[in-house]
Amino acid sequence: MRIGEFSRRAGVSERSLRYYEQQGLLRPARQSSGYRAYQESDLRTVRHIRTLLAAGLNTETIAELLPCMVEDGGRLGPGCAELLPVLRRDRERVDRALADLATARSILDAMIAAPIPVTGAANSACEPVDAPA
DNA sequence: GTTCTAACA
DNA sequence: TGTTAGCA
């Protein structure tokens with residue numbers, strides 16, 4: 001099937017499908033017309049790609065994992081042990097990101113909890129805050 | 001009308 | 001990733 005129908009069935013924009021191909025995630029055949037020709041099985045591949053993207057993996061990593069990922073009962077998992085270190089590495093990246101977000105939240109919490117009453121407003125357009133209780 | 005590539009008010 | 005331009 002061509003990209004239009006495939007896009008609708010996969011629920012992914014044509015733009016994204018072309019991007020996935022450019023990143024080596026999908027390799028649809030080409031008709032003599034030059035149009036991409038997708039296989040029924042590509043629908044499963046796209047689902048896997050979306051899952052991996054949702055997990056925060058970059059396309060380079062996905063290209064590496066995709067060939068070995070297997071699906072069972074709707075669950076996607078590594079088909080070979082070599083993938084585990086890669087997945088763990090990304091999990092650590094997520095942990096660091098969460099830590100950074102926690103830091104950002106703390107900074108915001110501290111500022112929100114400590115409004116500073118001033119006599120002359122810093123900015124004429126600013127309303128002075130009330131003194132904390 | 002559909003798809004393709006390339007490029008970005 | 002969306003969108004648009006210019007083709008075939």
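Order of the sequence lines sets the chain letters (A, B, ...), proteins ahead of strands, with each chain counted from 1.
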Counting Watson-Crick and G-U wobble pairs with both distances under 3.5 Å, what is the dot-bracket string for DNA chain B, 5' to 3', using [ ] for crossing pairs and | for pairs to another strand? .|.|||||.
Quick one: A:Q22 CD to B:dT5 P, roughly how many Å, whole number? 9 Å
Spacing of A:Y19 atom OH relative to B:dT5 atom P, expressed in whole Å: 16 Å
Of all the choices, B:dT3, B:dT5, C:dT1, which nucleotide is nearest to the side chain of A:S16 once you look at every atom? C:dT1
CZ of A:R36 versus P of B:dT3: gap in Å, rounded? 10 Å
Pick base, sugar-phosphate or nothing for A:R18, based on heavy-atom distances below 4.0 Å to the nucleic acid. base
May I ask you to test the A:E60-A:Q23 pair for a side-chain heavy-atom distance under 4.5 Å? no
Base of C:dT3 paired with side chain of A:R15 (donor-acceptor, under 3.5 Å): yes
Kindly state each residue pair satisfying salt bridge (charged side-chain N to carboxylate O under 4.0 Å, His left out) with at least one member in residues 106-116 of chain A, sequence neighbours excluded. none
Atom CG of A:L17 and atom C1' of B:dT3: how far apart are they, to the nearest Å? 13 Å
I need the minimum non-hydrogen distance between A:V86 and A:T61, along with the two atoms involved. CG1-CG2, 3.7 Å
For A:F6, report the nucleic acid contact type (base, sugar-phosphate, nothing); a contact means any heavy atom under 4.0 Å. nothing
Nearest listed nucleotide, side chain of A:R2, among B:dT2, B:dC4, C:dG2: B:dT2
Looking across every strand, which nucleic acid part, if any, lies under 4.0 Å from A:S13 by heavy atom: base, sugar-phosphate, or nothing? sugar-phosphate
Lys/Arg-Asp/Glu bridge criterion (N-O < 4.0 Å) met for A:R30, A:E21: yes
Which nucleotide in B:dT2, C:dT1, B:dT5 has an atom nearest any side-chain atom of A:Y35: B:dT2
From A:D42 CG over to A:H48 NE2, what is the distance, rounded to the nearest 0.5 angstrom? 12.0 Å
Is there a side-chain contact between A:E14 and A:R2 (heavy atoms, below 4.5 Å)? no
